[in-house]
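Since the model is a prediction, treat every value here as computed from it, not as a measurement. Side chains included, hydrogens not; waters and symmetry mates left out as well; all remaining heavy atoms used.
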Amino acid sequence: MPLIAEASARCLRRLILGLPVEPGLTQRVIVIARLLKGVAVGDQFGSMDVKRAMLHQTNQKGISWLKDEEDGLPVADAIVLNGGYVDDDDHWTWMRYTGASKGEDRDSNTGRLLRSQSWSYVDNAALKRSYERHYPIRVLRGYEGDERYSPPKGYRYDGLYRITAVRTAISQFQAADGSDIEICQFDLERLPESRQGHTTVEAHVAEALEELEDLYEQPGGEEKYPEVRTTVVQRLIRSVATSRRVKELYNGECQLCGRRLLGPDGQPHSQGAHMRPLGKPHNGPDVEQNILCVCPNCHVRLDVGAVVVDTDWSIIVRAKLFGDVLLPKLRTKAWHRIHPDYVRYHREWWLRRPTR
């Protein structure tokens, strides 16, 4: 969370030593610590669970904010992309995000803006202030957002982004009287996977919690705040949560060959294969629409271009298979549909490369 890290750590250390702190800060530090427990990139939540997980401060608004401990001014800590504004432009690794408006400034039926947005509106001011103070922002995507990246239901935590630019822009749609509508616009860039871990404040709070544990374990040490001591800060990393959801849907059955491998424990063993690979130079997203449930053999086949998927979901074999027979078409189930953009990317990437 984009609070001043040193202030949070100082407050926690004062609690450790039994020194007085500003009223209300005790609970705030406890809340900060609890926020960090057990939430991983890719985790999915229901609409009410996002607030309970403390990834977002409200259930209804797109921009989440709280007061900076340093000066009490609002700073944003999270945003939600859920198809709220036509001017939003999502590309996974970067996005163009539209600020917020009061309810009366939007059409209740269509959601379109009736008048220009304002930088003085607290949500927009908070997000702009996070840009000025170089605070990272948590991004959640909802089921009504861009179909290439949105979860099939609920909301998914997609990691940390940094705001790279802010500007006043003109909306694609005009007001009823034909005049231009100005919007508050933000550019965000996803942090590298290596930085999808502790934010600055998380690292400081974790360090302070470790000091508290050390103090508690000393002979004769007095336990002062057990509710803080027992809180464990876990690192936020890209998890297998998204891939796991796809594999559980197919119960380990390969979408390319139909095989289902079982271990001695009777449990299915499969892998999640990204059609557009993660990382450079591909920069594919870690979303359900980009993941297949496959057996290890078919995973290798995809990774080396031995098979690709055609526009009608037919499986094209580009290299000889020995003993294996693939399905004629990609098998899909229920809510899971691979997005055509990722299938096309994988196919075109390999079709440009010669076969022997």
Side-chain angles (χ1 to χ4, degrees), residues 41-42 44 90-93 141 143 145-153 156 158 193 238-356:
V41 177
Q44 194 166 304
D90 189 2
H91 294 269
W92 181 255
T93 55
R141 287 179 172 84
Y143 64 99
D146 191 309
E147 63 177 10
R148 296 172 297 174
Y149 313 116
S150 299
K153 60 181 180 179
R156 186 185 59 234
D158 283 338
E193 292 298 334
R238 185 182 66 82
S239 74
V240 295
T242 307
S243 177
R244 184 178 63 245
R245 285 193 293 272
V246 174
K247 293 191 295 181
E248 287 177 349
L249 173 65
Y250 291 91
N251 198 21
E253 185 179 300
C254 180
Q255 292 181 251
L256 291 174
C257 70
R259 287 176 174 79
R260 184 168 176 264
L261 304 180
L262 299 179
D265 57 359
Q267 296 300 311
H269 290 268
S270 58
Q271 298 177 352
H274 292 81
M275 293 297 286
R276 180 166 183 163
L278 307 180
K280 294 181 179 179
H282 308 285
N283 296 319
D286 191 26
V287 297
E288 292 87 345
Q289 299 92 316
N290 190 33
I291 298 175
L292 290 180
C293 173
V294 294
C295 67
N297 283 349
C298 286
H299 197 166
V300 173
R301 292 184 179 110
L302 284 171
D303 284 351
V304 300
V307 297
V308 296
V309 180
D310 210 346
T311 54
D312 63 353
W313 310 111
S314 297
I315 297 173
I316 301 174
V317 178
R318 304 181 63 245
K320 291 182 180 180
L321 300 177
F322 298 94
D324 284 342
V325 178
L326 300 186
L327 299 171
K329 288 193 174 185
L330 186 70
R331 179 168 293 173
T332 59
K333 285 187 177 181
W335 51 262
H336 182 240
R337 293 292 183 273
I338 291 289
H339 196 279
D341 284 1
Y342 308 132
V343 173
R344 181 173 60 253
Y345 182 91
H346 178 268
R347 182 176 63 251
E348 292 179 353
W349 173 268
W350 287 109
L351 290 181
R352 289 196 299 267
R353 286 153 178 76
T355 58
R356 292 183 179 180

Asks: Using atom types as modelled and distance alone, determine if a side-chain donor or acceptor of His346 lies under 3.5 Å from a backbone N or O of Leu302.
Replies: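 Side chain of His346 to backbone of Leu302, a donor-acceptor pair under 3.5 Å: yes, one is there.
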Asks: Would you say Arg141 and Asp90 make side-chain contact, with heavy atoms under 4.5 Å?
Replies: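 Touching, per the 4.5 Å side-chain cut-off.
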Asks: Would a distance-only check, ignoring hydrogens and angles, find a side-chain to backbone donor-acceptor pair under 3.5 Å from Tyr342 to His274?
Replies: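 Checking the backbone N and O of His274 against the side chain of Tyr342, no donor-acceptor pair under 3.5 Å is found.
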Asks: List the atom of Asp286, the atom of Trp92, and the distance in Å for their closest heavy-atom pair.
Replies: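 Heavy atoms only, the tightest pair is N-CZ2, 3.4 Å.
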Asks: For Cys254 and Val294, work out which heavy atoms get closest and say how close.
Replies: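 Reported closest heavy-atom pair: SG-CA, 3.6 Å.
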Asks: Keeping the roles fixed (side chain from Asp310, backbone from Asp312), state whether a donor-acceptor pair exists under 3.5 Å.
Replies: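 Checked: no pair found.
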Asks: Is Leu256 close to Leu330 at the side-chain level, that is, under 4.5 Å between some pair of heavy atoms?
Replies: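 Yes; the side chains approach each other to less than 4.5 Å.
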Asks: Working to the nearest 0.5 angstrom, can you tell me the gap between Trp313 CH2 and Thr332 OG1?
Replies: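 Nearest 0.5 Å value for the CH2-OG1 distance: 8.0 Å.
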Asks: Is it true that atom NZ of Lys153 has more than 12 heavy atoms of other residues, nucleotides or ligands lying nearer than 6.0 Å?
Replies: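 Counting neighbours around NZ of Lys153, 12 or fewer heavy atoms of other residues, nucleotides or ligands fall under 6.0 Å, so no.
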Asks: Nearest 0.5 Å, please: how far is CG in Leu249 from CD1 in Ile291?
Replies: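 Reported value, rounded in 0.5 Å steps: 12.0 Å.
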Asks: Only one of Val317, Val307, Ile315 clears side-chain contact (heavy atoms from CB on, under 4.5 Å) with Arg301; which?
Replies: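 Of the listed options, the one satisfying the test is Val307.
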Asks: Minimum heavy-atom separation for Lys247 and Cys293, please, with both atom names.
Replies: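 Minimum heavy-atom contact is CA-SG, 4.0 Å.
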Asks: Side chain of Arg331, backbone of Gly258: donor and acceptor closer than 3.5 Å?
Replies: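 Judged by distance alone, no pair lies under 3.5 Å.
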Asks: If you take all heavy atoms of His269 and Asp265, which pair is closest and at what distance?
Replies: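 Where His269 meets Asp265 most closely, the heavy atoms are NE2-OD1, 3.9 Å.
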Asks: So His282 and Tyr345, would you call those rings parallel, tilted or perpendicular, with 30° and 60° as cut-offs?
Replies: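 Ring orientation of His282 relative to Tyr345: perpendicular.
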Asks: Please answer whether the main-chain N or O of Thr242 pairs with a side-chain N or O of Arg156 as donor and acceptor at a distance below 3.5 Å.
Replies: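 Side chain of Arg156 to backbone of Thr242, a donor-acceptor pair under 3.5 Å: no, none is there.
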Asks: With a 4.5 Å limit on heavy-atom distance, are the side chains of Cys298 and Leu326 in contact?
Replies: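 Of all side-chain heavy-atom pairs linking Leu326 with Cys298, at least one is under 4.5 Å.
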Asks: Could you please spell out the steps behind the side-chain contact (heavy atoms from CB on, under 4.5 Å) verdict for Leu351 and Arg318?
Replies: CA-CA 9 Å; Leu351 290 181; Arg318 304 181 63 245; 3.6 Å; yes
Asks: Would you say Glu147 and Gln289 make side-chain contact, with heavy atoms under 4.5 Å?
Replies: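 No, their side chains stay 4.5 Å or more apart.
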Asks: If we ignore hydrogens and angles and just use 3.5 Å, is the side chain of His336 paired with the main-chain N or O of Leu292 as donor and acceptor?
Replies: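 Such a contact is absent between His336 side chain and Leu292 backbone.
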Asks: Search all heavy atoms of Pro281 against all heavy atoms of Trp349 and return the closest pair with its distance.
Replies: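 For Pro281 versus Trp349, the nearest heavy atoms are CG-CH2, 4.5 Å.
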Asks: In terms of side-chain heavy atoms, does Gln255 have a donor or acceptor partner in Tyr250 at a distance below 3.5 Å?
Replies: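 A pair is found: one side chain offers a donor N or O, the other an acceptor, under 3.5 Å apart.
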Asks: So, does Arg276 use its side chain to make a donor-acceptor pair with the main chain of Asn290 at under 3.5 Å?
Replies: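 A pair under 3.5 Å: no.
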Asks: Closest approach of Cys295 and Cys257, non-hydrogen atoms and distance?
Replies: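 In terms of heavy atoms, the two residues are closest at SG-SG, 3.8 Å.
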Asks: What's the spacing between Met275 CE and Arg344 CZ if we round to 0.5 Å?
Replies: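 Answer rounded to 0.5 Å: 11.5 Å.
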